[in-house]
Structures are given as structure tokens and as C-alpha cells.
Amino acid sequence: MTPIPCPCGPVRALQEMLHTIAATDRTLPFLRPTGTFDEATLAAVMTFQKIHGLPVTGAVDRQNWQAIEKAYFAACRRRRPPRPVTLFSRRDRPLAPGQSHPALAHVQGMFRALAQVLEEVVPTPSTGVLDSDSAANLRWVQAHAGLPQTGELDGATWERLVRLFETFVTQRPASPH
């Protein structure tokens, strides 16, 4: 195998590439990168060789490495991040306390996650109904954003809630555990 400059080692880099290729080419077996050239890696290499018309040896020489790299970069181009889903927009009519809407279950899930890092936020069950705790959480968001404290979910409140969620939940550093 041709050595490559990779801090994680050439075997792990090979496994990562095969793993990514398998995500777009279901004929290749799923491979969990371990850094060890084990039976699963050998099977994945041999399957790749067979699919791509290479001699099926299980060895990764320069020709095989280059073919795997080429397939890897093609798979990376095909693997795009998922499109974001708009659950609520500025054009939607506000949701008032007591109303139900499918987006509210997601809003309540966001509040549960925020409650783990922000004391003022009350964790709420995902009922899809704008209950009193959810309305109180919305008023808290509105107060901190300088918006009218209606307890309704409107476009401006939704945007502030999304920013809070992205800041305190999705952008947090990973736990060391």
C-alpha cells in the first residue's frame, strides 16, 4: 500500500474512504473504520476491486488506492448535506396558546434541549399543542429578543428560537465522554 500523509494512518484513511463510498454505492459492504486491516476491510477492498474491474487480490497497491480515491471523491460530490426543513416561517399565521400544529412538537423538543443548558427554559413534552409551559417559554424568548411578549409562535419568535437552539445546542462542543 502506498503511504499517504494522514495523521490517522493509511488503513484508517482507506476505511474512511470505503465507508463513504458505501454510503452512495450499496453494492459495497458497510465498513466501520477501526484503523486495523481486518477481515471486514479485506472483504470491502475485494468487493471494490470486483465492482471496479480490478484484479481481486485484497491488496491495495497504487492503482487500487487511486481508484478508491477517485470513487471516494465522486461519492463526496454525491453526498450533500440534507436540505433544512422550514417548520415555521414569517409568512405563517401566528399560533396562539391552546392551538395545535405539527411544528409545535419540534418546538417543544427544542425547548427540552434548551432546558438542559438554560435554567430559565422549562422542559415541555412534545404534544403539538401550545400549552402554558410552551407559551411561557415563548414569552421568555420574546422578552430576551425585545419582541412583544405574546406567548404566540410567530415568524420573529421562531427565528430567535432557532438562533438560541443553534447557539446553545447544536454548536456546543462535544462532551468528552
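Side chains included, hydrogens not; waters and symmetry mates left out as well; all remaining heavy atoms used. Note that this is a predicted model, so its numbers are computed, not measured.
For the pair L130 and L138, the minimum side-chain heavy-atom distance is below 4.5 Å. In this structure, the side chains of I68 and I21 come closer than 4.5 Å at one or more pairs of heavy atoms. A heavy-atom distance below 4.5 Å is found between the side chains of W158 and L87. Residues M110 and V169 are not in side-chain contact: their nearest non-hydrogen atoms beyond the backbone lie 4.5 Å or more apart.
Pairs engaging residues 148-163 under the salt bridge (Lys or Arg N to Asp or Glu O under 4.0 Å) rule: R90-E159 [sequence neighbours left out]. Within the structure, the ring pair (Phe, Tyr, Trp, His ring centres under 6.0 Å) test picks out the following pairs touching residues 91-149 (sequence neighbours left out): W140-H144. Residue pairs meeting the salt bridge (Lys or Arg N to Asp or Glu O under 4.0 Å) criterion with at least one member in residues 100-126: none, sequence neighbours excluded.
Residue R12 comes nearest to G35 through the heavy atom pair CB-CA, 3.9 Å, listed as atom of the first residue, atom of the second, then distance. Annotation for W65 and A13: closest pair CH2-CB, 4.3 Å, computed over non-hydrogen atoms. For the residue pair S126 and A105, the shortest heavy atom distance occurs at OG-O, 3.1 Å. Among all heavy-atom pairs drawn from L114 and F168, the shortest one is CD2-CB, 3.9 Å.
In this structure, CG on D92 lies 8.5 Å from CG on L153, to the nearest 0.5 angstrom. Atom-to-atom distance recorded for Y72:OH and E16:CD is 8.0 Å, nearest 0.5 angstrom. One finds the CG atom of L31 at 13.0 Å from the CZ atom of F48 (value rounded to the nearest 0.5 Å). Between atom CD of residue Q63 and atom NE2 of residue H52 there is a gap of 12.5 Å, rounded to the nearest 0.5 Å.
Proximity of a side-chain donor or acceptor of Q142 to a complementary backbone N or O of T150 within less than 3.5 Å is detected. Looking only at distances, no side-chain donor or acceptor of D133 sits under 3.5 Å from a matching main-chain atom of V122.
Grouping the Ile, Leu, Val, Met, Phe, Trp and Tyr side chains by contacts below 4.5 angstrom, directly or via other members, places L147 apart from F165.
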Check your understanding: Stepwise, does the side-chain contact (heavy atoms from CB on, under 4.5 Å) test hold for V107 with L95?
Key -> CA-CA 12 Å; V107 168; L95 297 174; over 6 Å; no
Check your understanding: Under the side chain to side chain donor-acceptor pair (under 3.5 Å) criterion, do S134 and N137 qualify, and how do the steps go?
Key -> CA-CA 5 Å; S134 298; N137 284 336; 5.5 Å; no
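Residues satisfying the side-chain contact (heavy atoms from CB on, under 4.5 Å) test with R78, not counting sequence neighbours, are T24, A74, A75. Listed by chain and number, the residues in a side-chain contact (heavy atoms from CB on, under 4.5 Å) with T47 are L28, P29, I51 (sequence neighbours excluded). Residues passing the side-chain hydrogen bond (donor to acceptor under 3.5 Å, both in side chains) test with D38 are T41, sequence neighbours excluded. Shown here are the side-chain contact (heavy atoms from CB on, under 4.5 Å) partners of Q49, two or more places apart in sequence or in another chain: V45, M46, L54, V56, T57, N64. Not a single side-chain hydrogen bond (donor to acceptor under 3.5 Å, both in side chains) links T86 to another residue, sequence neighbours left out. The ring-ring contact (aromatic ring centres under 6.0 Å, His included) check on F30 picks up H19, with sequence neighbours excluded. Scanning for side-chain hydrogen bond (donor to acceptor under 3.5 Å, both in side chains) contacts around S100 gives an empty result, with sequence neighbours left out. Listed by chain and residue number, Q108 satisfy the side-chain hydrogen bond (donor to acceptor under 3.5 Å, both in side chains) test with T127 (two or more places apart in sequence, or in another chain).
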